[in-house]
Each structure stands twice: as C-alpha cells, then as structure tokens.
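Down below is the structure, laid out as structure tokens.
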Amino acid sequence: MASPRISVIMPVYNTAAFLEEAIKSIIQQTFKDFELIIINDGSTDISEVIISSFNDNRIRYYKNDKNEGLVYTLNRGIDLASAEWIARMDGDDISLPLRFEKQWDYVISHAEVQVLATTVMLINEQGQKQGIWKDDVLAISPTEIRSYLPKNNCIAHPTVFIRTELLRKYRYNILQPQSEDYDLWLRLTSDAISINKLKEPLLLHRILSSSFTRSSKMNSFQKLALTKYQFARAAMKSGEGNLFVYRTLFNSCLDAIKGQLKNMVGK
C-alpha cells in the first residue's frame with residue numbers, strides 16, 4: 001500500500017469540547033490523500049470516546065501512557081509519520097475545507113519550499129469570529145517573516161506544512177516547552193531555511209481562556225524574553241551565532257525590560 005502524501009499530526013489533551021469539530025474538519029478536507037495521526041496525551045475527559053466514534057481508515061490513533069506534554073507528543077508524531085510532508089493540527093481548531101488542497105498545490109508548484117504556513121481567523125470558545133491575529137498579517141513573505149521573527153512569533157503552528165525529513169532533523173526542543181513552535185521557527189530561520197505563508201486564512205484558530213498565555217505567571221513579554229534568550233544562548237553555545245541570533249538576543253533584552261515594567265505598573 002502506497003504511503004499517503006501528508007501525515008497530519010494532532011496531539012490531544014482534554015479538548016473534548018472541540019475535538020469532534022476539529023477531527024471532522026480534517027476528514028472532510030477536499031484533499032483526501034493523508035493519514036491523521038491522533039495522539040492522546042493522557043486526557044482525563046472523554047476525548048478517547050470522541051476519537052473512537054470516528055470510522056475512517058485514515059485515522060491512526062495512539063495514546064501516551066501518561067501525560068507527557070506537548071513537545072514529547074509532537075516528536076512522537078514526527079516518528080510515526082509515513083508521508084513526505086507533515087501537516088500540523090490542534091484538537092481545538094478548525095481547518096477550512098480547502099486548506100490541504102491549497103497548501104499541497106503550492107508546495108508542488110514551488111519545489112524550493114520546505115515550510116508553508118497560512119494566516120488564521122481567530123475564534124472564541126463558542127466559535128464566534130474574533131478577527132485577525134495582528135502579528136500574523138504583518139509578516140507574509142519569507143523576507144517579512146525573517147525580519148519579524150526576532151521581534152515576535154508570526155507563524156500559527158497548526159497551519160504549518162513542513163517536509164518530514166526537515167522536521168525530523170530539527171524536531172521540537174524539550175527545553176522550550178513554553179513556546180516550542182516559536183523556538184522551531186527561530187532555529188530554522190537562523191539556518192537560512194525560509195518559511196513561506198499563504199495570505200488566505202485557511203484555519204480557524206481558537207483562543208481559550210485556559211491557554212498558556214492567560215494562565216502563566218509570566219506576562220507575555222517575559223515569555224517572549226525567555227524563549228528568545230534560550231534560543232540565542234543555545235545557538236551561541238554551539239558556535240552558530242549570526243546576525244539573526246544577535247537580533248533575537250537584543251529583542252530578548254528589550255522584552256525582559258518591558259516585562260519588568262509591566263509588572264511594576266500592574267498586570
């Protein structure tokens with residue numbers, strides 16, 4: 001049996017309220033040649049019941065023995081993937097029906113592309129549209145993305161198409177659990193790997209009240225500062241310092257100052 005063209009990696013942890021809609025948005029894609037790798041990371045809700053209710057031979061279901069965290073689960077998904085391309089998806093988002101078709105057509109017609117994101121439309125827990133993500137639409141071209149990344153993340157993780165071979169080389173960094181996706185974009189870009197993006201929003205990205213940025217003791221500037229600092233420190237320690245790394249480190253210092261000031265004036 002031939003391998004599918006796309007391996008979709010969907011980690012799941014206690015997203016039962018949105019999971020059925022998320023899975024349906026994948027299996028109802030107009031592009032059909034994919035496998036959907038769902039990894040249940042120790043959910044304590046009815047996520048498993050929902051996953052088991054689907055009868056589709058493209059779904060490959062796995063469970064972690066316990067809650068291992070997102071980075072571990074994503075890396076397990078990379079190891080399980082059998083296709084040449086990996087598509088990311090989260091258990092609380094909604095991929096629009098033409099997402100895979102449009103991303104596949106783009107990467108096939110642009111052989112040099114190794115990473116392809118799209119823009120997103122934000123929705124709330126009730127599925128109501130909340131507008132755009134500002135950082136997302138400010139950086140569309142590879143040049144704009146490269147220039148913007150030292151300042152802030154501008155890539156929506158669950159929209160990404162990436163070559164499996166490339167992601168197996170870089171993987172997700174267990175030392176960056178607070179922002180594993182942003183760290184990956186920084187490492188790729190530092191190594192001169194371009195990130196492309198389709199301007200059209202092809203995913204509804206759900207903003208949850210329980211998300212990390214809302215529940216963490218760190219404010220948003222402190223989180224950015226930590227991610228950038230750890231990336232830059234690791235790059236320089238391995239002798240891979242370059243202008244991109246130094247720009248990111250400089251912005252880390254600015255974010256740390258902003259984070260302190262925000263704490264001083266009140267959250």
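Just so you know, these numbers use all the heavy atoms, side chains as well, and skip hydrogens, waters and symmetry mates.
For the atom pair Met236 CE and Phe231 CZ, the distance stands at 9.0 Å (nearest 0.5 Å). With rounding to the nearest 0.5 Å, the separation of CG in Asn152 from CG in Leu138 is 10.0 Å. Annotation: the span from Thr118 atom OG1 to Asn196 atom CG amounts to 12.5 Å, rounded to 0.5 Å. Note: Ile50 CD1 to Phe18 CZ = 10.5 Å, rounded to the nearest 0.5 Å. Atoms OG and CG, on Ser53 and Leu19 in that order, are 8.5 Å from each other to the nearest 0.5 Å. Leu224 CG to Asn251 CG: the interatomic distance, rounded to the nearest 0.5 Å, is 9.5 Å.
In this structure, Arg60 pairs ionically with Glu35, as a charged nitrogen and a carboxylate oxygen lie closer than 4.0 Å. Using a 4.0 Å cut-off between a side-chain N of Lys or Arg and a carboxylate O of Asp or Glu, Lys169 and Asp191 do not qualify as a salt bridge. With salt bridges taken as basic N to acidic carboxylate O contacts below 4.0 Å, one links Arg206 and Glu21. With salt bridges taken as basic N to acidic carboxylate O contacts below 4.0 Å, one links Asp90 and Arg88. One finds a salt bridge joining Arg5 and Asp33 here, because a Lys/Arg side-chain nitrogen approaches an Asp/Glu carboxylate oxygen to under 4.0 Å. Salt-bridge annotation for Lys197 and Asp136: present, with a side-chain N of the basic residue lying under 4.0 Å from a carboxylate O of the acidic one.
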- Checking side chain to side chain contact (heavy atoms under 4.5 Å, CB included) for the pair Leu167/Val115: CA distance, chi angles, key distance, verdict? CA-CA 9 Å; Leu167 192 51; Val115 187; over 6 Å; no

- Item | Test side chain to side chain contact (heavy atoms under 4.5 Å, CB included) applied to Lys32 and Ile6, step by step | CA-CA 9 Å; Lys32 305 295 185 182; Ile6 302 168; over 6 Å; no

- Task: Apply side-chain hydrogen bond (donor to acceptor under 3.5 Å, both in side chains) to the pair Asp135 and Asn153, showing each step before the final yes or no.
- Result: CA-CA 7 Å; Asp135 298 295; Asn153 187 18; over 6 Å; no

- Stepwise side-chain hydrogen bond (donor to acceptor under 3.5 Å, both in side chains) test for Gln178 and Thr227: CA-CA 7 Å; Gln178 77 284 346; Thr227 301; 3.0 Å; yes

- Could you go step by step and tell me if Ile27 and Phe54 meet the side chain to side chain contact (heavy atoms under 4.5 Å, CB included) rule? CA-CA 10 Å; Ile27 65 176; Phe54 285 88; 3.6 Å; yes

- Message: Determine whether Lys63 and Glu48 satisfy the following criterion, side chain to side chain contact (heavy atoms under 4.5 Å, CB included), listing intermediate values before the conclusion.
- Response: CA-CA 9 Å; Lys63 292 193 295 183; Glu48 183 166 41; 3.1 Å; yes

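Side-chain atoms of Ser194 and Gln114, non-hydrogen and from C-beta on, never get closer than 4.5 Å to each other. You'll find the side chain of Arg247 reaches within 4.5 Å of the side chain of Ser147, heavy atoms only. Taking 4.5 Å as the limit, some side-chain heavy atom of Arg168 sits within range of a side-chain heavy atom of Thr164. No side-chain heavy atom of Leu261 sits less than 4.5 Å from a side-chain heavy atom of Phe221. Between Tyr62 and Asn40, every side-chain heavy-atom pair lies at or beyond the 4.5 Å cut-off. Contact check for Leu202 versus Phe100: no side-chain heavy atoms found under the 4.5 Å cut-off. Residues Asn124 and Ile207 are not in side-chain contact: their nearest non-hydrogen atoms beyond the backbone lie 4.5 Å or more apart. Counting heavy atoms from C-beta on, the side chains of Lys258 and Gln222 never come closer than 4.5 Å.
Checked by atom type and distance alone, the side chain of Glu101 never pairs as donor or acceptor with a backbone atom of Gln29 at under 3.5 Å. The backbone N or O of Thr73 sits nowhere less than 3.5 Å from a side-chain atom of Asp41 that would complete a donor-acceptor pair. With hydrogens and angles disregarded, a donor-acceptor distance shorter than 3.5 Å links the side chain of Asn14 to the backbone of Asp45. At distances below 3.5 Å, not a single donor-acceptor pair connects side-chain atoms of Asn64 with backbone N or O atoms of Glu68. Panel note: side chain Ser190, backbone Val245; no donor-acceptor pair is recorded below 3.5 Å. A donor-acceptor pair is defined here as one N or O able to donate and one able to accept, closer than 3.5 Å; no such pair exists between the side chain of Glu180 and the backbone of Gln176. In this structure, Arg99 contributes its side chain and Ile26 its backbone to no donor-acceptor pair below 3.5 Å. Between the side chain of Thr15 and the backbone N or O of Val12 there is no donor-acceptor pair closer than 3.5 Å. A donor-acceptor pair under 3.5 Å links the side-chain atoms of Asn219 to the main chain of Gly259, judged by distance alone. A donor-acceptor pair under 3.5 Å links the side-chain atoms of Thr119 to the main chain of Glu200, judged by distance alone.
Aromatic ring pairs are classed by plane angle as parallel below 30°, tilted from 30° to 60° and perpendicular above 60°; the pair Trp104 and Trp85 is perpendicular. Using cut-offs of 30° and 60° on the angle between ring planes, the pair Tyr172 and His157 is tilted.
Across all their heavy atoms, Asp93 and Pro158 have their closest contact at OD2-CG, 3.3 Å. When every heavy atom of Pro4 is checked against every heavy atom of Ala83, the shortest pair comes out as O-CB, 3.1 Å. Contact between Thr189 and Arg146 at its shortest, heavy atoms only, is O-NH1, 2.7 Å. Counting all heavy atoms, side chain and backbone alike, Ser47 lies closest to Ala16 at OG-N, 3.7 Å. Between Pro201 and Leu96 the shortest heavy-atom distance is O-CD1, 3.5 Å. Between Thr159 and Gln103 the shortest heavy-atom distance is O-NE2, 2.8 Å.
No continuous path of hydrophobic side-chain contacts links Ile145 to Leu203 [ILVMFWY only; heavy atoms under 4.5 Å]. Met10 and Ile51 fall within the same hydrophobic cluster, where Ile, Leu, Val, Met, Phe, Trp and Tyr residues are linked whenever their side-chain heavy atoms come under 4.5 Å apart, directly or through other members. Linking ILVMFWY side-chain heavy atoms closer than 4.5 Å, directly or via other members, places Phe34 and Leu98 in two distinct hydrophobic clusters. Cluster membership check: Val8 shares its hydrophobic cluster with Ile23, using side-chain heavy-atom separations under 4.5 Å among Ile, Leu, Val, Met, Phe, Trp and Tyr. Leu74 and Ile38 fall into different hydrophobic clusters, where Ile, Leu, Val, Met, Phe, Trp and Tyr side chains are chained together by heavy-atom contacts under 4.5 Å.
Within a 6.0 Å radius of CD in Glu240, other residues, nucleotides and ligands contribute more than 12 heavy atoms. Residue Phe250 qualifies as open at atom CZ: its count of foreign heavy atoms under 6.0 Å is 12 or below. The number of heavy-atom neighbours closer than 6.0 Å to OH of Tyr170, taken from other residues, nucleotides and ligands shown, is above 12.
Put simply, the residue from Lys223, Lys228, Lys151 that forms a salt bridge (charged side-chain N to carboxylate O under 4.0 Å, His left out) with Asp255 is Lys228.
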